Amino acid sequence: MAQEDRSTPNPREERYDAQRIEQKWAGRWQSDPTLYAAEAHPTKPKFYVLEMLPYPSGALHMGHVRNYAIGDALARYMWMNGYNVLHPMGWDSFGLPAENAAIKNNTPPREWTLRNIAAMKVQMNRLGFAYDWSREVTTCLPDYYRWNQWFFLKLYAAGLAYRKKSKVNWCPQCATVLANEQVVGGMCWRHEDTPVVQRELEQWFLRITKYADELLRDLEKLQGWPEKVRVMQQNWIGRSEGVLVDFDLGGTVGPAGSTITVFTTRVDTIYGATSLNLAPEHPIVGDLVARNSELRGQVENLIAEQRRAKEAGDIGSIEKHGVFTGRYAKNPFNGEAVPVWVANYILMDYGTGAIMSVPAHDERDFEFAQKYKLDIKVVILPASTDPDETMIEPPLPFTTMDGIVVNSGEFSGLGCREAIAAMAELAEKKRFGKATVSFRLKDWGISRQRYWGTPIPMVYCDKDGVVPVEEKDLPVILPDNVPITLAGGSPLMNVPSFLNTTCPKCGGPARRETDTMDTFVDSSWYFYRYADAKNDAAPFDSEKIAYWFPIDQYIGGVEHAILHLIYSRFWTKFMRDMGLVKNDEPVERLFTQGMVIRNGAKMSKSLGNTVSPDEMVERYGADATRMYSLFAAPPDRDLDWQETGIEGVQRFLGRVYRFYLRNAGAGKSATASAASTASLSPEARGIQRKLHQTIKRVSNDFQGRWHFNTCIAAIMELMNEIYGAEEAIASGKIPGALIAEVQRDVALLLAPMAPYMAHELWEMTGETGNLLRAPWPKYDAALAAEDEIEIPVQVNGKLRGLVVVAAGATNDQIEQAALANEKVKAAIAGKQIVKVIVVPGKLVNIVVR
RNA sequence: GCCCGGAUGGCGAAACUGGCAGACGCACGGGACUUAAAAUCCCGGGUCCUUAACAGGGCGUACCGGUUCAAUUCCGGUUCCGGGCACCA
């Protein structure tokens with residue numbers, strides 16, 4: 001084999017060959033499992049950085065790459081800043097797609113899932129993400145899901161898991177139940193075209209509503225979360241304060257009682273109530289219409305209509321109508337009898353399913369009352385300092401809270417807010433009502449009639465009823481070889497060896513629960529398991545949690561702002577109350593990155609605008625792929641993927657690489673060590689200044705707002721300056737020691753964003769130590785400072801000239817220089833100077849007349 | 001309807017605290033190197049007007065108005081785009 005001649009540059013060497021470099025380092029990194037291992041450390045500060053774990057669909061998509069590129073950059077930056085970093089990864093690996101795949105390809109869900117995990121792990125490693133794989137969590141394996149079951153038993157024991165028959169959201173495509181949170185505009189969150197229907201089923205619920213108040217209140221603590229997410233959760237919890245008031249129907253009505261309790265946030269308007277409107281599904285409606293078949297039919301129609309509207313997602317826009325029951329109810333405040341109606345715009349699942357209708361002061365009631373010519377009684381007037389003006393009739397409906405109550409007996413003359421308090425007090429005293437709080441948040445239905453999930457560890461015994469599995473008998477193993485169909489009902493019902501068991505109480509024959517858990521249970525606490533992933537005696541050791549928690553930085557898509565993040569918060573609060581953890585909240589700082597889009601639309605298979613990470617890595621390398629995803633837009637904004645953009649980043653990396661190649665051994669050949677600033681040539685001083693300015697900009701962006709696009713731009717500027725100084729380098733005006741310093745620091749600055757390149761460059765400079773443990777470069781403010789600065793001079797706010805002054809010039813000196821400028825002189829010639837504004841170091845504005 | 005974002009060249013974007021609008025990159029045009037191409041390196045560029053050219057001037061950050069010596073930035077109003085919530089009583 002011919003030896004290559006070293007005196008002539010080999011063109012293949014000059015080329016930046018991403019594949020060669022990245023394969024080499026990937027091999028080294030994977031052979032050292034301790035490289036990214038985190039351990040509790042006595043002196044180093046800890047930093048737990050976490051990205052949302054993926055569902056193992058089989059391949060990463062660009063959204064993952066962006067998410068993980070951000071997290072990895074941060075993790076590497078923190079390592080280099082001396083932190084003990086925990087940066088784990090895992091797999092949200094239960095869920096329906098595995099069953100669909102099983103049917104389609106005749107592959108068992110477990111096999112399909114584990115194969116996908118293996119494939120995606122290869123992708124992640126190829127991309128160079130620095131995860132501590134010794135802490136890997138795979139939620140579909142018994143060593144994880146047994147703790148789901150364990151937690152379920154604890155929740156059950158605490159009265160926070162309960163079973164009830166209820167109307168549930170059913171997706172015909174998934175053939176299973178959905179939580180309220182998974183219904184998006186009446187459609188299944190997974191099948192945008194499939195309307196969700198209502199079914200009545202026995203379901204397991206978790207009592208998240210017990211924590212509703214705390215979940216709301218603690219949002220205040222989450223100052224490290226995006227405002228947007230906090231507002232979304234606040235809306236979702238939907239707390240509203242109101243008053244319950246009992247209206248008496250007079251005499252016996254039926255099993256559902258003889259009073260109707262309404263919920264209102266505007267009890268101050270109760271003297272204006274002119275009817276009482278019930279949800280069609282309100283239990284008392286049946287009693288009210290029992291003796292009238294015509295009415296019964298009409299109510300049936302209302303129920304059907306409401307259900308249809310709910311399924312179609314357009315409840316909220318249907319025309320209001322209703323039927324009069326022929327009955328009257330007594331307003332306990334003024335003794336008036338008001339007609340009782342059943343109306344299609346009243347919902348059973350909010351408040352009490354019954355309202356008092358106040359047409360004068362509620363838009364919806366107003367619309368309803370107009371249609372049926374019901375009375376409209378004004379009881380609120382505009383507040384005014386002028387008593388005569390107060391009597392002006394407002395345009396109806398008049399819904400303000402800033403009004404004065406009138407025609408309301410003893411309450412007349414009060415402001416709305418005072419009236420609400422006084423009326424609530426009276427209601428409570430006279431025992432026909434009380435102040436209360438209503439939430440939009442509902443308990444979390446976790447039963448799924450599916451195979452590929454955590455079995456709910458409960459048993460049904462004819463003698464003892466519902467009995468929990470004993471802790472020592474966990475895990476309840478999900479059996480293999482289960483025939484999967486998408487017909488209704490859990491596939492586990494057809495597995496006798498699973499279904500038939502013995503009662504933990506009496507030992508007699510019993511049946512297992514065949515429903516499995518919502519996969520959001522898995523993701524509600526997985527990040528705790530990372531802290532102690534191999535523990536087989538407990539979900540985790542509380543001391544390890546105390547060290548690592550809360551998560552310092554969580555990064556993921558905003559699509560999880562409600563579901564995953566509210567369940568996780570709930571789970572943490574429950575674990576805290578159990579005494580397992582000390583933190584009230586799981587996540588200190590949350591970052592939600594923007595979507596990756598292409599041609600202005602979200603990437604999706606149906607649009608055919610997807611970009612494959614594998615293809616990008618193959619064509620441009622992992623570094624270019626990662627770096628482009630950081631460069632193309634600030635991380636919180638949507639990113640429009642453009643093929644030509646990634647080429648630019650690749651070109652830049654090549655440019656950096658060639659700079660090192662051409663100046664190999666710069667440091668060694670240098671005779672002088674770090675030359676003193678005074679002795680540097682102007683060219684060298686320019687490079688030195690730019691280097692320190694660059695370190696400053698990059699460091700600031702990492703610490704502050706994470707605008708990686710601008711820190712990459714800063715490094716590009718530095719390289720442009722270096723290329724511009726090529727002659728000075730060749731002529732020796734720039735000392736080797738300075739070039740070596742640039743090379744060292746640029747390798748470090750690139751390390752979080754382009755780790756392969758950074759490691760290669762680091763090695764090229766002759767360094768042998770682990771780059772991740774090398775300290776992040778420090779800038780010297782004095783070296784970064786400019787000697788002289790260019791100051792724009794404006795005349796009447798318009799740019800008229802530029803003057804160069806020393807960096808420390810006084811305002812007087814700057815002003816003199818500005819007035820001496822020829823262009824400025826011309827612009828102010830013949831005019832009178834009114835004022836001269838000097839902003840030190842920034843600008844001069846001369847105001848003339 | 002309510003709440004939250006956003007709007008800057010042909011494109012992605014920058015301007016962090018009210019102080020030169022458009023850094024950096026893409027695409028494009030020109031040049032160097034090459035037999036040629038690729039790669040690489042260098043240069044150019046918001047827009048309109050005046051000019052043979054050198055230059056110079058006007059306009060310009062969605063739109064209208066305000067505050068200020070000075071506004072992409074602050075205030076008031078409007079439009080469009082994206083997201084969340086929605087007969088929630």
Side-chain angles (χ1 to χ4, degrees), chain A residues 11 14-16 184-185 226-236 238-240 242 262-266 269 277 279 306 309 313-320 343-347 349-358 362-365 367-368 438-440 558-559 561-562 594-595 597 600 628 631-634 636-649 651-652 654-655 658 697 700-701 704-705 707 709-717 720 723-724 726 790-799 801-802 823 834-837 839 841-848:
Chain A
E14 276 269 317
R15 223 187 95 232
Y16 159 47
V184 181
E227 167 80 19
K228 179 191 166 128
V229 173
R230 296 207 309 263
V231 168
M232 280 166 80
Q233 291 211 354
Q234 195 179 318
N235 291 341
W236 190 261
R239 182 182 200 272
S240 75
V262 303
F263 174 73
T264 177
T265 55
R266 291 299 303 273
T269 65
N277 298 353
Q306 216 179 40
D314 60 4
I315 195 146
S317 55
I318 55 175
E319 203 198 325
K320 291 175 190 37
N344 66 342
Y345 72 99
I346 310 301
L347 307 172
D349 53 16
Y350 185 79
T352 59
I355 64 142
M356 60 177 201
S357 170
V358 185
D362 183 283
E363 275 172 42
R364 297 150 302 180
D365 297 344
E367 193 185 328
F368 188 78
S438 186
F439 289 94
R440 191 184 164 282
V558 74
E559 65 271 20
I562 300 173
M595 280 189 302
I597 59 177
Y628 174 66
F631 179 62
D636 51 341
R637 248 197 260 182
D638 285 352
L639 185 160
D640 200 343
W641 193 270
Q642 290 181 351
E643 202 85 3
T644 50
I646 190 172
E647 284 173 19
V649 171
R651 210 170 295 156
F652 164 68
R655 212 165 142 83
R658 280 187 299 277
R697 282 175 67 183
N700 285 348
D701 272 337
R705 37 177 214 166
H707 279 201
N709 51 335
T710 58
C711 58
I712 294 168
I715 303 172
M716 286 174 168
E717 280 183 44
N720 288 346
Y723 269 70
E726 203 165 49
E790 212 175 41
I791 303 239
V793 183
Q794 297 179 339
V795 176
N796 283 351
K798 298 208 167 162
L799 184 67
L802 288 169
K823 284 179 185 166
V834 179
K835 191 161 41 157
V836 179
I837 293 142
V839 185
K842 294 268 174 151
L843 148 151
V844 178
N845 191 9
I846 302 166
V847 185
V848 298

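Below, all heavy atoms of this structure are taken into account, side chains as well, without hydrogens, waters or symmetry copies. Keep in mind that what you see is a predicted model, and the values were worked out from it rather than measured. Chain letters run A, B, ... following the sequence lines, proteins first, then strands; residues in each count from 1.
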Interatomic distance, [X] [atom1] vs [N] [atom2] [rounded to whole Å]:
X: A/Gln794; N: B/A71; atom1: CD; atom2: P; answer: 9 Å
X: A/Gln234; N: B/C85; atom1: CD; atom2: C1'; answer: 12 Å
X: A/Asp638; N: B/G83; atom1: CG; atom2: P; answer: 9 Å
X: A/Asp701; N: B/A13; atom1: CG; atom2: C1'; answer: 14 Å
X: A/Gln642; N: B/G25; atom1: CD; atom2: P; answer: 16 Å
X: A/Lys320; N: B/A89; atom1: NZ; atom2: P; answer: 14 Å
X: A/Met716; N: B/C26; atom1: CE; atom2: P; answer: 7 Å
X: A/Asp365; N: B/C88; atom1: CG; atom2: P; answer: 10 Å

Start at the 5' end of RNA chain B and walk down; is the nucleotide closest to A/Asn344 or to A/Asn700 reached first? A/Asn700

Closest-nucleotide ordering on RNA chain B, the 5'-leading residue of A/Gly797 and A/His707: A/His707

Mind checking if [X] touches a base, just sugar-phosphate, or nothing, with heavy atoms under 4.0 Å?
X: A/Phe439; answer: nothing
X: A/Ile712; answer: nothing
X: A/Glu643; answer: nothing
X: A/Val839; answer: base
X: A/Ile318; answer: base
X: A/Gly648; answer: sugar-phosphate

[atom1] gap between [N] and [M], integer Å:
N: B/G58; M: B/A21; atom1: P; result: 12 Å
N: B/C63; M: B/C54; atom1: P; result: 31 Å
N: B/A13; M: B/U67; atom1: P; result: 34 Å
N: B/C20; M: B/C43; atom1: C1'; result: 23 Å
N: B/G76; M: B/G5; atom1: P; result: 13 Å
N: B/C75; M: B/G18; atom1: C1'; result: 13 Å
N: B/G31; M: B/A14; atom1: C1'; result: 29 Å
N: B/G6; M: B/A62; atom1: C1'; result: 11 Å

So for A/Asn845 and B/C69, does any side-chain atom that can act as donor or acceptor lie under 3.5 Å from a complementary atom in the base? yes

Examine the base of B/C69 for any acceptor or donor lying under 3.5 Å from a partner atom in the side chain of A/Lys835, and report the outcome as yes or no. no

Nearest heavy atoms of [X] and [Y], plus distance in Å:
X: A/Asn709; Y: A/Phe631; value: CB-O, 3.2 Å
X: A/Leu639; Y: A/Ala632; value: CG-CB, 3.9 Å
X: A/Asn277; Y: A/Ala343; value: CB-CB, 4.3 Å
X: A/Gln233; Y: A/Ala561; value: NE2-O, 2.9 Å

Using a 4.5 Å cut-off on heavy atoms from C-beta on, say whether the side chain of [Y] contacts that of [X].
X: A/Thr269; Y: A/Met356; answer: yes
X: A/Val793; Y: A/Leu802; answer: no
X: A/Tyr350; Y: A/Thr352; answer: no
X: A/Asp365; Y: A/Ile355; answer: yes

Write down the partner of [N] under the Watson-Crick or G-U wobble criteria, each distance required to be under 3.5 Å.
N: B/U51; value: none
N: B/U72; value: none
N: B/G46; value: B/C59
N: B/U67; value: none
N: B/A13; value: none
N: B/C88; value: none
N: B/G5; value: B/C81

Any [X] side-chain nitrogen or oxygen under 4.0 Å from OP1 or OP2 of [N]:
X: A/Arg637; N: B/G82; result: no
X: A/Arg230; N: B/C3; result: no
X: A/Lys798; N: B/C59; result: yes
X: A/Arg15; N: B/A38; result: no
X: A/Arg651; N: B/C41; result: no
X: A/Ser240; N: B/A89; result: yes
X: A/Lys823; N: B/G56; result: yes
X: A/Asn720; N: B/C42; result: no

[options]: which one has an atom nearest the side-chain heavy atoms of [X]?
X: A/Ile837; options: B/G25, B/G84, B/G19; answer: B/G19
X: A/Arg364; options: B/A14, B/A27, B/C88; answer: B/C88
X: A/Arg658; options: B/U40, B/C24, B/C85; answer: B/U40
X: A/Glu790; options: B/A27, B/C20, B/G19; answer: B/C20
X: A/Tyr350; options: B/G12, B/A15, B/C88; answer: B/C88
X: A/Thr265; options: B/A89, B/C4, B/A13; answer: B/A89
X: A/Ala632; options: B/G12, B/C20, B/C41; answer: B/G12
X: A/Thr644; options: B/C26, B/C20, B/C87; answer: B/C26

Syn or anti conformation of B/G10, syn meaning chi within 90° of 0: anti

Do A/Asn796 side-chain atoms and A/Val848 backbone N/O form a donor-acceptor pair below 3.5 Å? yes

Go through the steps for A/Arg364 and A/Glu367 under the test side chain to side chain contact (heavy atoms under 4.5 Å, CB included), then give the verdict. CA-CA 5 Å; A/Arg364 297 150 302 180; A/Glu367 193 185 328; 5.7 Å; no

